[in-house]
Amino acid sequence: MTYNKGKVDEMTLALLYLVMTREKTGTRAWKGFDWETMERLHEKGYISDPKSKTKSVAVSEEGARFSEELFKKHFSA
């Protein structure tokens, strides 16, 4: 099946907002999404490299801001 990877990336980034925590050391999110999508988000600079043994990824300031914006755009009432 052919699909729009850009839209998948956008939805995944929006859903990461639900699993983000803001800590003194930065923002992190659980990485329970498709590996190819997570790798694309990493290449775009939104998250740290998902190929680590940790169960979460660091989220860049831009990634956190954009994630919240996308979540509100697609899921707010």
Point to revise | Over 12 foreign heavy atoms within 6.0 Å of CD, E23 | key: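 More than 12 within 6.0 Å, yes.
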Review point. Is atom NZ of K44 surrounded by more than 12 heavy atoms (other residues, nucleotides or ligands) closer than 6.0 Å?
Key: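 Counting neighbours around NZ of K44, more than 12 heavy atoms of other residues, nucleotides or ligands fall under 6.0 Å, so yes.
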Review point. Side chains of S56 and T54: donor-acceptor distance under 3.5 Å anywhere?
Key: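 No donor-acceptor contact under 3.5 Å links the two side chains.
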**Study point:** From L13 atom CG to F71 atom CZ, the distance as rounded to the nearest 0.5 Å
**Key:**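 Nearest 0.5 Å value for the CG-CZ distance: 12.0 Å.
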Check your understanding: What's the spacing between Y17 OH and M20 CE if we round to 0.5 Å?
Key ->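 Going from the OH atom of Y17 to the CE atom of M20 covers 8.0 Å.
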Any side-chain heavy atom of [X] sitting closer than 4.5 Å to one from [Y]?
X: H74; Y: L70; answer: yes
X: V59; Y: R28; answer: no
X: T21; Y: T27; answer: no
X: R40; Y: V8; answer: yes
X: L41; Y: T12; answer: yes
X: K51; Y: E39; answer: yes

Heavy-atom closest contact ([X] atom, [Y] atom, distance):
X: I47; Y: L16; value: CG2-CD1, 4.2 Å
X: P50; Y: H42; value: CD-CB, 3.8 Å
X: G63; Y: Y46; value: CA-CD2, 3.6 Å
X: R22; Y: A64; value: NH1-CB, 3.6 Å
X: S60; Y: G45; value: OG-O, 3.0 Å

Check your understanding: Can any side-chain N or O of K31 pair as donor or acceptor with the backbone N or O of S52 at less than 3.5 Å?
Key ->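 It does hold such a pair.
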**Study point:** Presence of salt bridge, R65 and E69, under 4.0 angstrom
**Key:**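 Salt bridge flag = yes for R65 with E69.
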Practice item. Just do the salt bridge (Lys or Arg N to Asp or Glu O under 4.0 Å) check on E10 and K73 with the steps written out, would you? Key: CA-CA 11 Å; E10 189 171 295; K73 174 184 172 184; 3.7 Å; yes
Exercise for review: Please test V57 against W30 for side-chain contact (heavy atoms from CB on, under 4.5 Å), starting from the C-alpha separation and ending with a verdict.
Suggested key: CA-CA 6 Å; V57 290; W30 295 107; over 6 Å; no
